[in-house]
There are 2 protein chains.
Amino acid sequence: MDPHLLHTYVTVARLSSFSAAARELGYTQSAVSQHIAALEHDLGMSLLNRRPVTPTRAGERLLEHAGSLLLRLDAARADLTRLAGEPATALTVVASPLAVRPETLAALPVSRATLRVQPREDIPAAVATGAADLGLVDGLAAPSDPLRLPDVAPLTATGVAEEPVAVVLPDGHPLARRRGLRLADLVDARWLDAPDAGLPLEQLRAATGAARGFRPALRYEGTDIRTLLALAAAGLGLTLLPHALAPADGALAVPLTEPRLVHRTELLHTGVLRGSAEGLAERMRSRI
Amino acid sequence: MDPHLLHTYVTVARLSSFSAAARELGYTQSAVSQHIAALEHDLGMSLLNRRPVTPTRAGERLLEHAGSLLLRLDAARADLTRLAGEPATALTVVASPLAVRPETLAALPVSRATLRVQPREDIPAAVATGAADLGLVDGLAAPSDPLRLPDVAPLTATGVAEEPVAVVLPDGHPLARRRGLRLADLVDARWLDAPDAGLPLEQLRAATGAARGFRPALRYEGTDIRTLLALAAAGLGLTLLPHALAPADGALAVPLTEPRLVHRTELLHTGVLRGSAEGLAERMRSRI
DNA sequence: TCTTCTTACGCTCGGCGTAAGTATC
DNA sequence: GATACTTACGCCGAGCGTAAGAAGA
């Protein structure tokens, strides 16, 4: 289970080809073949079917492990080199779309800073591997509860904002006149599936305790909130947003009353903040 | 960052000695020295001070990563070999002390089963590495919320029980006559610190959102609930227990009313259940 | 001086590339 | 027969042990 072999394995599995993986990794195709053979011998089982190249049952399972394993390895190395490295003068902040709010940005320094908006699930990894100095993630949670983030590495999370959430409904929708809505009543509705821009349906299911429900209607892959609002206004499905963000032409936002959920934003860092990052994090925390 | 080197490193750090680590690992002491040198060279920094052998700042940090890294590696290998291996006839169940309740045990088969009670924090690792087939963990959570478990590996968790919690107070305690207590009012009290037997104070802090408070009075290291109750009855500190477990001579249990917390028990497994384990898990789930 | 870690050195084995082999489309 | 993975084989370097060296107690 040498990480090198693991890395080769995930590459082969991703590209469904030994030779393509060899090109990408800078090995000969023979070496890749030997890597896979070594890994299969080590584990005592076949991992890939050949022609076409596709993971076996055990191979599928290994992929689940290998991803986070390699990520953690990267994170560990990045963390250590960061500890030893120079204090950075530039600052990179990654944020999920809904985590970018005036209040959170007010503390951002104007110069020598980069803001990158990425899908929510990539934020912790970006901070852990050192691709960014700070991360801003958002999600649904019970009031004053921390977010449930995948632990790729020991990261420090601080809550920086909590705000009420609302259901976005098209103007003519029968429920649009209500003063408040209960999530449990909307389990069987059609929802927009926009994991990158909006809130993953999985989080709604977790919040209500329902294993099923919240059927996806249209899937939107992208990080633009305006598009998401337009889709909701067009009646293509429901979506949940922070109340302050929800108003849009042709749509109404109805507060969510039950369960008591908030849209929470957290600031993520490794605890080893260098130079300007430290001051910024401090400022953000105190501000909110 | 070869896992072999990492393994050597954590062993040296734990034993504070190159030669002792060499004995334990079956290497010569020279090889251990070379391992550490290779790792330090690879990362470009010193990890250990010599004479006495103690981790540097970077070394400390590496230890935090290395533990979970090696654990995940073990878990991955165990998971795969389990997938391929024979269906086991015997069954091993690990449980944290408070997860062992009549209701959860009623489904346990009488023969060919081993029950092992361990500190709460070791349960997920034991299941992930295949040391046990099933795990029973308990903890505090909001009603119908899942427990926050460290994710050493992709484990499947199913809730099997939820019950009210109570504060255990000695008979004469001024608060003992109350009908209900709010956790926020007890932040400044002295608490028993019994992470293995009772509920870790850290979970109380997380539940109330208080970063501080819940000062530990006496620390009890052990897994026996009766001892914990005796300590509480003797007035050495407060503790929180499932209400049904709380009554003891010289102590009273007062229900916790705010925040709305439950004592939750979850069944843990890898999803690859073999033989009798599968039937058992099914029985437990349906039972509760 | 004894203990403990480091360095030198030689040997062996692992891992890579070249090239030939084999199987599938 | 072309494409794509496997196997054979030789070379180089990584990693181990033996043994000598250095440094702290």
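We name chains A, B, ... by the order of the sequence lines, and we start the count at 1 in each one. Since we're looking at a predicted model, the values are computed, not measured.
- Residue B:Ser19 is classed as a sugar-phosphate contact, given heavy-atom separations below 4.0 Å to backbone atoms only.
- Distances were taken from every side-chain heavy atom of B:Phe18 (C-beta onward) to each of C:dC16, C:dC5, D:dG17; the shortest belongs to C:dC5.
- If you measure from atom CG of A:Leu48 to atom P of D:dA4, you get 16 Å, rounded to the nearest angstrom.
- Of the N and O atoms on the side chains of B:Ser68 and A:Arg72, at least one donor lies less than 3.5 Å from an acceptor on the other residue.
- With DNA chain C read from its 5' end, the first of the two nearest nucleotides for A:Pro52 and A:Ala31 is the one closest to A:Ala31.
- A donor-acceptor contact closer than 3.5 angstrom is absent between the side chains of B:Asp133 and B:His269.
- Atoms CG (B:Leu25) and P (D:dG17) sit 11 Å apart, rounded to a whole Å.
- Regarding A:Tyr27, its OH atom lies at a distance of 17 Å from the C1' atom of C:dT18, rounded to whole Å.
- Across the protein-nucleic acid pair, B:His4 atom NE2 and D:dA14 atom P stand 17 Å apart, rounded to whole Å.
- Ionic pairing of A:Asp79 and B:Arg61 is present here: one or more N-O contacts between side-chain nitrogen and carboxylate oxygen are shorter than 4.0 angstrom.
- Inspection of the B:Thr129 and B:Asp74 side chains reveals no N or O donor paired with an N or O acceptor under 3.5 Å.
- Atom CZ of B:Arg51 is separated from atom P of D:dA23 by 10 Å (rounded to the nearest Å).
- The side chain of A:Gln34 approaches C:dC16 more closely than any other nucleotide in the set C:dT7, D:dG17, C:dC16.
- Comparing B:His35 and B:Gln29 along DNA chain D, the residue whose closest nucleotide (by nearest heavy atom) sits nearer the 5' end is B:His35.
- In this structure, A:Val32 reaches neither bases nor backbone, as no heavy-atom distance under 4.0 Å exists between it and the strands shown.
- Summarising the geometry, the separation between CG on A:Asn49 and C1' on C:dA23 is reported as 15 Å, rounded to the nearest angstrom.
- B:Leu218 meets the side-chain contact (heavy atoms from CB on, under 4.5 Å) test with B:Leu192, B:Leu231, B:Leu236; sequence neighbours excluded.
- Going from atom CG of A:Asp42 over to atom P of C:dG15 covers 10 Å, rounded to whole Å.
- Atom-to-atom, CD1 of B:Ile36 to C1' of C:dT7 comes out at 16 Å; the value is rounded to the nearest Å.
- If you check C:dT3, C:dT18, C:dT7 against the side chain of A:Ser30, the one that comes closest is C:dT18.
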